[in-house]
Amino acid sequence: MTEQPSTCDFAAWACAYSQRTNRSLAGARFTPPANADQQFVAQARQWGMVCDDTDANNSLAIHSHPFTISATDPAEQIPDARALSGLEAMEHAHRHMPVLRGLMRTLIADGVDFTGARIAVCLILEPKTAVLLRELKAAGAIVGVFADPADTDQRVADQLQREGIVVEADTTWTAEQTHQGALRLLDRIRPNIIIDDGASFARLAAAECPELMKQLIGVAEETTSGVRAFQAMQDAGALDFPVIAVNDSILKTGFDNTHGTGESCVTTMQEILGAHAFDGAQVTVIGYGPVGKGFALRVRALGAHVIICDTNPVAALQAVFDGFAAQDIDDALPQADMVVSATGARHTITVNHMRRMRTGAVLSVIGGIANEIALDDIPGFRHQTGCAHRTLAVPNGPILTLLSEGDGVNYTAGGGNPIEIMDLSFAVQASAVAYLLTHRGALEPGLHRLDEVTDQRIATVALETRGYHASHAVADNGYDWTLTRFKETL
């Protein structure tokens, strides 16, 4: 458990505030404490906060905007959302998700008809997901949700059932019960739209309920690993239904992955290891995609020395230009105090990799898929649901500290991605569902991407809710492709 934060200790304050509220620090207006030093403010800015350090004592200014976060009061005095009831937690998330709510109103006003759409959702089931489910149901859709036991917040599952949403999720289920629950949801909803996470639910439907696929309008896929799986299906000629690659929207990848996962994995690891666990630590981050980058930037702000390992020379070069050393994994592992996998690829860290690590080093996955760490190759390893950390004896190797059983640390040991981040991601999901409905019957099987206008519309709403605006261009700037620097007049 993290130590008690003071208002002038950014690492401890950020950990406590993030974990208690599940709100995004990145992108927030921020009022530091009156006695904050330059380091506090500098770390907040490196983290991604817009600091207003000119009016720290003006409580009206502090509380006048919904996206303003104040550090003038100790974070331990902030009500802990983890202790709320299911209904209270859902309402807490609802208050801080204005983009999804505003977008749904706009889509309905523009003539998108959700009435009668049968939507099966396979996502981590927690308060933010509940807001999306509620919005779709309020728009007239028939909605059901499935989640694995480890991905289920039972208080939310129970509350949604009371509200008339079909729920197949239970934290006590065995593997067989989980499988049957997924099939039950398909049978109860008989979906014509699937919102998927990791491509697992749609592939289950195709494999075990092929008769349902005849009525499927399409799938909206949330994750990098899911889009990768659907791309492989398409390359093999096996993808015979439309898929909207929600993950490929910059409003998803550029915010959910970089800021949401990057931020919440850092503060969840702080919660487990201590608020100052990264100060002076040697941290090896494997994978410099959006998740790895978001994580690396924030632990560096907390004092970590970061080395990046990426098999793509372009990504490794980007890491170098961002100020990180780039090394081969075999060279980086022996010196690491912490090793973090951020690839979403199976067996990123093999048993031989683990043997190269030092005794006592921390091993974790951020984002993550099953067996991103090759725990299935360790004899006798048994997954323990709800275990935040434990020792891992590597055969013929060191004893390591494994976090969250090798699952994504932020959603297994923490509250998942922050509320304001998922507000953007679920706005993209709602746009994908709207696109599938309005193009029903016209989309060819295969992967599709939302257009730039969709991202711009969501971003405009998100800016306005934060009190900011994009700039404008001159309506007619006289551009003519025939005009060059060598020809001043036409």
Side-chain angles (χ1 to χ4, degrees), residues 24 26-27 67 97-115 117 119 121 123 128 131-132 135-136 138-141 192-196 217-224 226-227 230-231 234 239 241-260 289-290 417 420-481:
S24 177
F67 284 93
M97 297 178 71
V99 179
L100 172 61
R101 302 198 314 268
L103 178 73
M104 287 295 293
R105 289 193 297 269
T106 299
L107 291 172
I108 292 168
D110 288 346
V112 179
D113 187 6
F114 293 87
T115 305
I119 304 174
V121 179
L123 295 172
K128 301 174 290 281
V131 177
L132 173 64
E135 289 291 329
L136 292 171
N192 48 31
I193 289 178
I194 292 173
I195 296 177
D196 212 349
I217 299 172
V219 176
E221 171 54 48
E222 173 82 0
T223 65
T224 303
V227 172
F230 282 128
Q231 182 66 58
Q234 180 169 283
L239 185 58
F241 48 86
V243 176
I244 306 298
V246 169
N247 182 76
D248 290 0
S249 163
I250 190 62
L251 264 297
K252 198 279 181 184
T253 303
F255 293 85
D256 184 313
N257 297 19
T258 303
H259 299 292
N417 283 353
E420 289 87 350
I421 297 297
M422 295 311 298
D423 190 21
L424 301 178
S425 292
F426 286 156
V428 180
Q429 280 285 12
S431 297
V433 171
Y435 187 84
L436 288 169
L437 289 172
T438 54
H439 292 81
R440 181 173 189 165
L443 293 177
E444 293 293 325
L447 280 167
H448 301 263
R449 288 160 181 84
L450 297 172
D451 58 22
E452 187 177 356
V453 173
T454 298
D455 283 341
Q456 291 178 348
R457 177 169 56 183
I458 297 169
T460 297
V461 176
L463 282 168
E464 290 174 351
T465 61
R466 287 161 170 79
Y468 302 114
H469 301 278
S471 187
H472 74 284
V474 177
D476 181 7
N477 60 9
Y479 174 76
D480 189 309
W481 69 269

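Here, residue 1 is the first one in the sequence, and each next residue gets the next number.
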request  = Go through the steps to decide whether T454 and L251 satisfy the test side-chain contact (heavy atoms from CB on, under 4.5 Å), and finish with yes or no.
outcome  = CA-CA 9 Å; T454 298; L251 264 297; over 6 Å; no
ask   = Once you round to the nearest 0.5 Å, how far does OG of S425 lie from CE of M97?
value = 9.0 Å
task = Hey, could you give me the CD1/CD1 distance between I194 and I217, rounded to the nearest 0.5 Å?
result = 11.0 Å
inquiry  = Between R440 and L436 (side chain of the first, backbone of the second, donor and acceptor by atom type, cut-off under 3.5 Å), is there such a pair?
reply    = no
note = Separation between CZ (R449) and CD1 (I244), nearest 0.5 Å, reads 10.0 Å
request  = Can you measure from OG (S431) to CG (L450) and round to the nearest 0.5 angstrom?
outcome  = 6.5 Å
ask   = Under 3.5 Å, side chain of S249 to main-chain N/O of V246, donor-acceptor pair present?
value = no
inquiry  = Test your reading of the model: is there a side-chain donor-acceptor pair from D423 to the backbone of V99, 3.5 Å cut-off?
reply    = yes
Pairwise distance NZ(K252) to CE(M422) - rounded to 0.5 angstrom = 7.5 Å
message = Any donor-acceptor pair under 3.5 Å linking the side-chain atoms of T223 with those of N247?
response = no
message = When you compare the side chain of F241 with that of V219, does any pair of heavy atoms fall below 4.5 Å?
response = yes
task = Find out whether F426 and E135 are in side-chain contact, i.e. whether some heavy atom of one side chain is under 4.5 Å from a heavy atom of the other.
result = no
query = Is any side-chain heavy atom of L443 less than 4.5 Å from a side-chain heavy atom of Y435?
reply = yes
query = Side chains of V461 and R101: does their closest heavy-atom pair fall under 4.5 Å?
reply = no
ask   = Within a strict 4.5 Å, meaning less than it, do heavy atoms of the L447 and Q231 side chains meet?
value = yes
inquiry  = Any side-chain to backbone donor/acceptor pair from T258 onto F255? Under 3.5 Å, distance only.
reply    = no
